[in-house]
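See below for the structure under consideration.
Index from 1, following the sequence. Values below: every heavy atom of this structure, side chains too, minus hydrogens, waters and symmetry copies.
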Amino acid sequence: TPFGYKSLLMTSEGYEVSEDGEILSSVEILDSLSTAYASYENILHFTFSDFKDQWTDYTVSEIFIARELGLVKYVLANGDSGERK
């Protein structure tokens, strides 16, 4: 991101939080997503939760990506969103 990055350290004991701090962002696969224009299946949902102290109102906080189609929805930090028609 333009704000920096975070990572985990791989050790002989497994993964550990690095000096960058804990990763707060997350990703999940949704079975479906319905928007005002269509319904989509197999959605990659990414929630950006790191570096919030550096965000502006127009920082993207969530994206929804449909397999073989691409971006179908985004949400900004100010709550505004856009959807694919």
Side-chain angles (χ1 to χ4, degrees):
T1 73
F3 312 115
Y5 66 91
K6 293 191 173 192
S7 61
L8 295 175
L9 296 173
M10 186 164 43
T11 69
S12 59
E13 302 293 318
Y15 289 102
E16 294 180 5
V17 175
S18 70
E19 64 186 42
D20 302 326
E22 183 179 355
I23 297 172
L24 303 174
S25 298
S26 64
V27 65
E28 64 183 333
I29 302 293
L30 304 176
D31 290 333
S32 63
L33 173 72
S34 293
T35 69
Y37 304 102
S39 291
Y40 306 95
E41 295 181 355
N42 299 317
I43 302 297
L44 177 74
H45 176 216
F46 178 77
T47 303
F48 182 52
S49 301
D50 296 298
F51 308 107
K52 283 188 176 184
D53 59 327
Q54 298 177 50
W55 290 11
T56 71
D57 286 347
Y58 302 103
T59 299
V60 175
S61 60
E62 294 180 70
I63 58 171
F64 299 81
I65 300 173
R67 176 182 252 168
E68 297 183 19
L69 189 58
L71 182 66
V72 293
K73 182 177 179 178
Y74 66 88
V75 179
L76 301 178
N78 66 9
D80 289 347
S81 64
E83 299 176 346
R84 183 184 193 113
K85 290 187 179 184

Nearest 0.5 angstrom please: [X] [atom1] to [Y] [atom2], how far?
X	Y	atom1	atom2	answer
Glu62	Ser81	CD	OG	9.5 Å
Glu41	Arg67	CD	CZ	11.0 Å
Arg84	Ile65	CZ	CD1	11.0 Å

Using the rule given for side-chain contact (heavy atoms from CB on, under 4.5 Å), can you reason through Tyr15 versus Leu9, listing the C-alpha separation, both sets of side-chain angles and the distance that settles it, and then say yes or no?
CA-CA 5 Å; Tyr15 289 102; Leu9 296 173; over 6 Å; no

Val27/Thr47 under side-chain contact (heavy atoms from CB on, under 4.5 Å): CA gap, chis, key distance, verdict:
CA-CA 6 Å; Val27 65; Thr47 303; over 6 Å; no

What pair of heavy atoms forms the shortest contact from Ser34 to Ser39, and how long is it?
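Residues Ser34 and Ser39, closest heavy atoms: OG-OG, 3.1 Å.
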
Closest contact, heavy atoms only, Lys85 versus Tyr37:
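Shortest heavy-atom separation between Lys85 and Tyr37 comes out as CE-OH, 3.6 Å.
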
Looking at Asn78, is its backbone amide N or carbonyl O close enough to the side chain of Asp57 to form a donor-acceptor pair, meaning the two atoms are under 3.5 Å apart?
no

Are the side chain of Glu83 and the backbone N or O of Ala36 linked by a donor-acceptor pair below 3.5 Å?
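Yes.
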
Just by distance, with hydrogens left out, do Ser49 and Ser25 show a side-chain donor and acceptor under 3.5 Å apart?
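There is no such pair between these side chains.
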
For Phe64, give me all partners under ring pair (Phe, Tyr, Trp, His ring centres under 6.0 Å), at least two apart in sequence or on another chain.
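Listed in chain order: His45.
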
Under the ring pair (Phe, Tyr, Trp, His ring centres under 6.0 Å) test, which residues partner Phe48, sequence neighbours left out?
Trp55

Would you indicate whether Asp80, at its atom CG, is surrounded by more than 12 heavy atoms from other residues, nucleotides or ligands within a distance under 6.0 Å?
yes

For a side-chain contact (heavy atoms from CB on, under 4.5 Å) check, start with the C-alpha distance between Glu28 and Phe46, then their side-chain angles and the critical distance, and finish with the verdict.
CA-CA 7 Å; Glu28 64 183 333; Phe46 178 77; over 6 Å; no

Starting from Tyr5, walk the hydrophobic network (Ile, Leu, Val, Met, Phe, Trp, Tyr; side-chain heavy atoms closer than 4.5 Å) and list everyone else you reach, by chain and number.
none

Membership question, hydrophobic clusters at under 4.5 Å side-chain separation (ILVMFWY): are Leu71 and Tyr40 in the same one?
no

Between Leu69, Ile63, Leu30, which is the residue that forms a side chain to side chain contact (heavy atoms under 4.5 Å, CB included) with Ile43?
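Among the candidates, only Leu30 passes.
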
If we only count heavy atoms from C-beta on, is the Asp50 to Ile23 side-chain gap below 4.5 Å?
yes

With a distance cut-off below 6.0 Å to the six-membered ring centre and an angular limit of 45° from the axis, does Lys6 pair with Phe51 as a cation-pi contact?
yes

Worked verdict on Val60 versus Leu76 for side-chain contact (heavy atoms from CB on, under 4.5 Å):
CA-CA 4 Å; Val60 175; Leu76 301 178; 3.9 Å; yes

